[in-house]
Amino acid sequence: MEYNFREIEKKWEKEWYEKGIYEPDLDNPNEPFYNLMMFPYPSAEGLHVGNMYAFVGSDIYGRFKRMQGKDVFEPMGLDGFGIHSENYALKVDAHPMELSKKSEEHFYEQLKMIGNGFAWKERLETYKPEYYKWTQWVFKEMFNHGLAYRKKSPVNWCPSCKTVLADEQVISGKCERCNGQVERREFSQWFFRITEYADRLLDDLQKIDWSKIIKTAQRNWIGRSYGSMIDFGIKNFDSKIKVFTTRPDTLFGATYVVLSPEHKLVEKLKTKAENTEEVERYAEKAKNKTEQERIAEEKGKTGVEIKGVKAINPINNEEIPIYIADYVLASYGTGAIMAVPAHDERDYDFAKKYNIPIIEVIKPSFPDKTKKGELYEGEGVLLNSGEYNGISSEEAREKITDKVEGETHTNYHLRDWLISRQRYWGTPIPLIFCAKCAERIKNNESGIREKLNQGEKENPGWFAAPDNDLPIELPNIEEFRPTGTEKSPLATVESFYKTKCPKCKGEAIRETDVSDTFLDSAWYYFRYVDVNNKEEVFSDKRIKTWLPVDMYIGGAEHAVLHLLYTRFVTKAFHDWGIINFDEPFTRFRAHGLLIKEGAKMSKSKGNVVNPDEYISKYGADSLRMYLMFLAPFEEGGDFRDSGMKGITRFLNRVWRMLNEANIGKDDEEIIKTLHQTIKKATEDVEELKYNTAISSIMILLNKMEGETFSRKTAEAFLKLLAPFAPHVTEELWCRLGNENSIHKAEWPKFDPEKIKEEMFDLIIQINGKLKNTIKIEKGITKEEAEKRALESEKVKNYIDKEKVKKVIFVENKLINFVI
RNA sequence: GCCCGGAUGGUGAAAUUGGUAGACACGAGGGACUUAAAAUCCCUUGGGAUGUCCUCCCAUGCGAGUUCGAGUCUCGCUCCGGGCACCA
């Protein structure tokens, strides 16, 4: 008698939804527990099994907490704005606004079938005006607080997506969305000042319980390094070249200085150079190179000396050449470096190529095999360094910095968040530019002290749109395709961009770029608890009740994207005084990657698992359990069709056993196994080790099958299984005569008395090798164990001939004779 | 190049953190039921030797080491996956 999962799953989904059993009381919960999962991009192709894998893993944890008495809040929504969705619309030649309606419907329909305990009333979609009104509010506040600024600088440009990208969205020189080659362009763009939070983002990692891989990735990405700023004089010039170095101890070995081609001083210095034209040509060429071209040349570095102009090494006043070379980045440090070829591989390669002297100034304190010929990048003791000879690198760093009047300085790999996009399908940036005000503010001609906020001061002429105007709605336009220029398609829509200056009421224009979609998702977890609030972004009370998020589960691919942005936004909210915590997620766990038959799932390989198919064939409970059983959730797993069989078989056995159950007295063995299983499953689920939790439940079933047990035992069994297979357990629970949902029932507790063993298997080893095991009473003494062990025939054969040198005894575990 | 993971049967994986390696499943083989198949149930299943229900040897990517005892700890490699990458 197999169970009809189609009927049962449908029935309970409907019942749960109607009764709202997964809707906590948001205003007055007893024990609030915010269980969050990363919301999906609703691609029109539908829910991916990878999404389902993540959601189910998160849901099991939520169900577990709910049964432990928590008021679990588990919301779901759609992150539908952004290049990803828009690119898909372009591909299928549809309008993103139309397409989003279809994807939304399809997605929610699928999400309703996977058996998750979602709080459906609180859903949100980032592309709806009632949501992005508040994304605009966040942007506006960023601006008003001086965390948004406009700047012309070299930026990442994706020619295929026709937009600029943030640093985090360029993966190995390629676009995170379309995988196309990213180029460099010099544009005026909006940035969020995330670097202002670099130290806190780094240091506060200590106080959150997150997967290690994410913390490591963030640490590396923020990339804090301590060093010194040192000025190099220029012969016959007033200007100085400021460089950042982490190794001021090697200053005596600095035999040349390099400016990045974009460095401000290049303009000035080249006029006095003997080879002005050559320098100009090089700088021009370098600027137009793509990142990829620069990287391709990594091994063969290029550069040009600014002939006739010399820098002066401040430590020994020696004149050294100045080069421009594109191996020096304009965007890191000061865009200029002191080159120490003996102690830096890049400088070494360059010096070799251009015949620049190499002076060794550090030698290892003890033989160090990282020293390769003339090149040594480690620390050590100084030489060829005048009065500093013989002292350690560490000491020299401080002394030499002081001597040349340098300053200690901290640098970060992290760059400011480039937030504007030249695309259509996103949140319009709620800023307005007034040329008249810009002039006045720049010249301060009126002489009147204007009350300007930080953003207005830094960006003359720019103002946030008035609150009453929010949301600034994204117009429904025919021609939404990216233009390929510095402007978004909205720049062609006069009715959109023409507006009044909030300051002088004169004519002004709106910003026509939209914001990066990662801004939409950087704050959504705040909104979930108060989605219907029309007055404010969220109510203080709800936030205090529910946040920070207790458990967040999602993919590791967002380590330095979403998971960094959310922390930044939360810290900003904290500093504005609207929340009283500064980390969004107390606990975060990254799930692993789900692959198919040993290979990554991809459309081109045609090995994408469609969850709908499996749900209709095997049921949601089976698919859920299989996904969780195949490997540890945090490590990811290999989906094989054959594996579904075992789980289906298991659920059918459960069904049969409980329908045909011999309810009566409990067998002693069953009670023991039950309590062992409760202990094991409770510990494992807490650690997200669902695979072993399921296996322990299987062991329990194997024990119970065909035996007599009490109703209480049957119920405990179902409860343990309930988070994994919510439908079938609910049905069986109901058939046992229960009226309330199993998902609101209390998670079983194990009784230590019940799993207490009187006997144990004493392991008898000789020289550490297993020879025998004997059943013996717990708590036995060493002497007694020794005596009993020696009585066994197998042991006698070994021991008789030789003398026992030593006996190792581990209580209640083993005895080892060393002979 | 740097930083994280990882490597265990035919397969997915377990192993109380130094104490019986391979739990739980899949697959395979054999058997029962059946006219037959599916489903279900039972048995066997790391490799080898011996040949009889008993025993021995070898086995956790490779090589050393620590230890009474190592899948687990240390050092040195190899391979695979992921992240970052001219960041001074």
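By convention in this document, chain letters (A, B, ...) are assigned in the order of the sequence lines, proteins followed by strands, and residues within each chain are numbered from 1. Basis for what follows: all heavy atoms, side chains included, without hydrogens, waters or symmetry-related copies.
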If only side-chain N and O atoms count, and only distance matters, is there a donor-acceptor pair under 3.5 Å linking [Y] with [X]?
X        : Y        : result
A:Asp416 : A:Thr195 : yes
A:Tyr354 : A:Glu305 : no
A:Arg567 : A:Tyr565 : no
A:Ser393 : A:Asp249 : yes

Take atom [atom1] in [N] and the same atom in [M], then report the distance between them in whole Å.
N     : M     : atom1 : answer
B:C53 : B:C42 : P     : 27 Å
B:U45 : B:G22 : C1'   : 12 Å
B:G63 : B:A13 : P     : 24 Å
B:C62 : B:A7  : P     : 13 Å
B:G82 : B:U11 : C1'   : 24 Å
B:G76 : B:G5  : P     : 16 Å
B:C77 : B:U67 : P     : 23 Å
B:G61 : B:C80 : C1'   : 10 Å

Whole angstroms only, please: what is the [atom1]-[atom2] distance between [X] and [N]?
X        : N     : atom1 : atom2 : answer
A:Met698 : B:C24 : CE    : P     : 11 Å
A:Arg224 : B:A88 : CZ    : P     : 14 Å
A:Met625 : B:C24 : CE    : C1'   : 11 Å
A:Lys215 : B:C3  : NZ    : C1'   : 16 Å
A:Ile697 : B:A23 : CD1   : P     : 19 Å
A:Ile337 : B:C86 : CD1   : C1'   : 9 Å
A:Asn652 : B:A38 : CG    : P     : 17 Å
A:Trp210 : B:G5  : CH2   : P     : 18 Å

Using a 4.0 Å heavy-atom cut-off across all strands, classify [X] as base, sugar-phosphate, or nothing.
X        : value
A:Ser225 : sugar-phosphate
A:Asn220 : sugar-phosphate
A:Asp761 : base
A:Lys806 : sugar-phosphate
A:Ile763 : base
A:Ile171 : sugar-phosphate
A:Ile213 : sugar-phosphate
A:Arg415 : base

Please determine if [X] and [Y] form a salt bridge, counting it only when a charged side-chain N lies under 4.0 Å from a carboxylate O.
X        : Y        : value
A:Lys352 : A:Glu374 : yes
A:Arg184 : A:Glu262 : yes
A:Arg589 : A:Asp209 : yes
A:Arg788 : A:Glu777 : yes
A:Lys679 : A:Glu683 : yes
A:Asp199 : A:Arg224 : yes

| note | By nearest-heavy-atom nucleotide on RNA chain B, the more 5' of A:Glu705 and A:Phe650 is A:Phe650
| said: Between A:Glu168 and A:Val818, which residue's closest nucleotide on RNA chain B lies nearer the 5′ terminus? | reply: A:Val818
When you measure from the side chain of [X], which nucleotide among [options] comes out closest?
X        : options             : answer
A:Thr216 : B:A25, B:C4, B:A88  : B:C4
A:Asn816 : B:C68, B:C24, B:A88 : B:C68
A:Phe244 : B:C4, B:C24, B:A88  : B:A88
A:Trp221 : B:A88, B:C84, B:C4  : B:C84
A:Lys771 : B:C68, B:C57, B:G19 : B:C57
A:Thr246 : B:A88, B:C41, B:C4  : B:A88

| Short question: side chain of A:Asp347, backbone of A:Val340 - any donor-acceptor pair under 3.5 Å? | yes
| request: Examine A:Lys301 relative to A:Tyr327 and say whether NZ or CZ is less than 6.0 Å from the centre of the six-membered ring and inside a 45° cone about the ring axis. | output: yes
| query | Between A:Phe350 and A:Tyr256, is a ring-ring contact (aromatic ring centres under 6.0 Å, His included) present by the stated rule, with each step listed? | reply | CA-CA 10 Å; A:Phe350 192 82; A:Tyr256 63 102; 5.5 Å; yes
| Do the ring planes of A:Phe244 and A:His409 sit parallel (below 30°), tilted (30 to 60°) or perpendicular (above 60°)? | perpendicular
| note | Scoring nucleotides 45-52 of chain B by protein non-hydrogen atoms under 4.0 Å (B base, S sugar-phosphate only, - none) yields --------
| said: Does the protein touch nucleotides 9-15 of chain B at the base, only the backbone, or not at all? Give it as B, S and - per nucleotide, heavy atoms under 4.0 Å. | reply: --SBSS-
| query | Paired stems touching RNA chain B, three or more consecutive Watson-Crick or G-U pairs with both distances under 3.5 Å? | reply | B:1-7 with B:78-84, B:10-12 with B:24-26, B:27-32 with B:40-45, B:46-49 with B:55-58, B:61-65 with B:73-77
| query | Only one of A:Tyr614, A:Tyr690, A:Phe633, A:Phe639 clears ring-ring contact (aromatic ring centres under 6.0 Å, His included) with A:Tyr53; which? | reply | A:Phe633
| task | Could you pull out all residues at least two apart from A:Asp684 that satisfy salt bridge (Lys or Arg N to Asp or Glu O under 4.0 Å)? | result | A:Lys680
| Of all residues at least two apart in sequence or in a different chain, which pass the salt bridge (Lys or Arg N to Asp or Glu O under 4.0 Å) check with A:Asp167? | none
| Is B:U17 in the syn or the anti form, by the rule that syn lies within 90° of 0? | syn
| message | Is B:G9 syn or anti, taking syn as a glycosidic angle within 90° of 0? | response | syn
| query | Are the side chains of A:Leu375 and A:Glu345 in touch, meaning some heavy atoms are under 4.5 Å apart? | reply | yes
| query | Taking atom types as they are modelled, is there a donor-acceptor pair under 3.5 Å from the base of B:C86 to the side chain of A:Lys301? | reply | yes
| Pair of N/O donor and acceptor under 3.5 Å linking B:G19 base with A:Gln765 side chain | yes
For nucleotides 27-31 of chain B, tabulate all protein N/O to nucleotide N/O atom pairs closer than 3.5 Å, reporting atom names and distance.
none

| message | Would you say A:Lys769 places a side-chain N or O within less than 4.0 Å of OP1 or OP2 belonging to B:C58? | response | yes
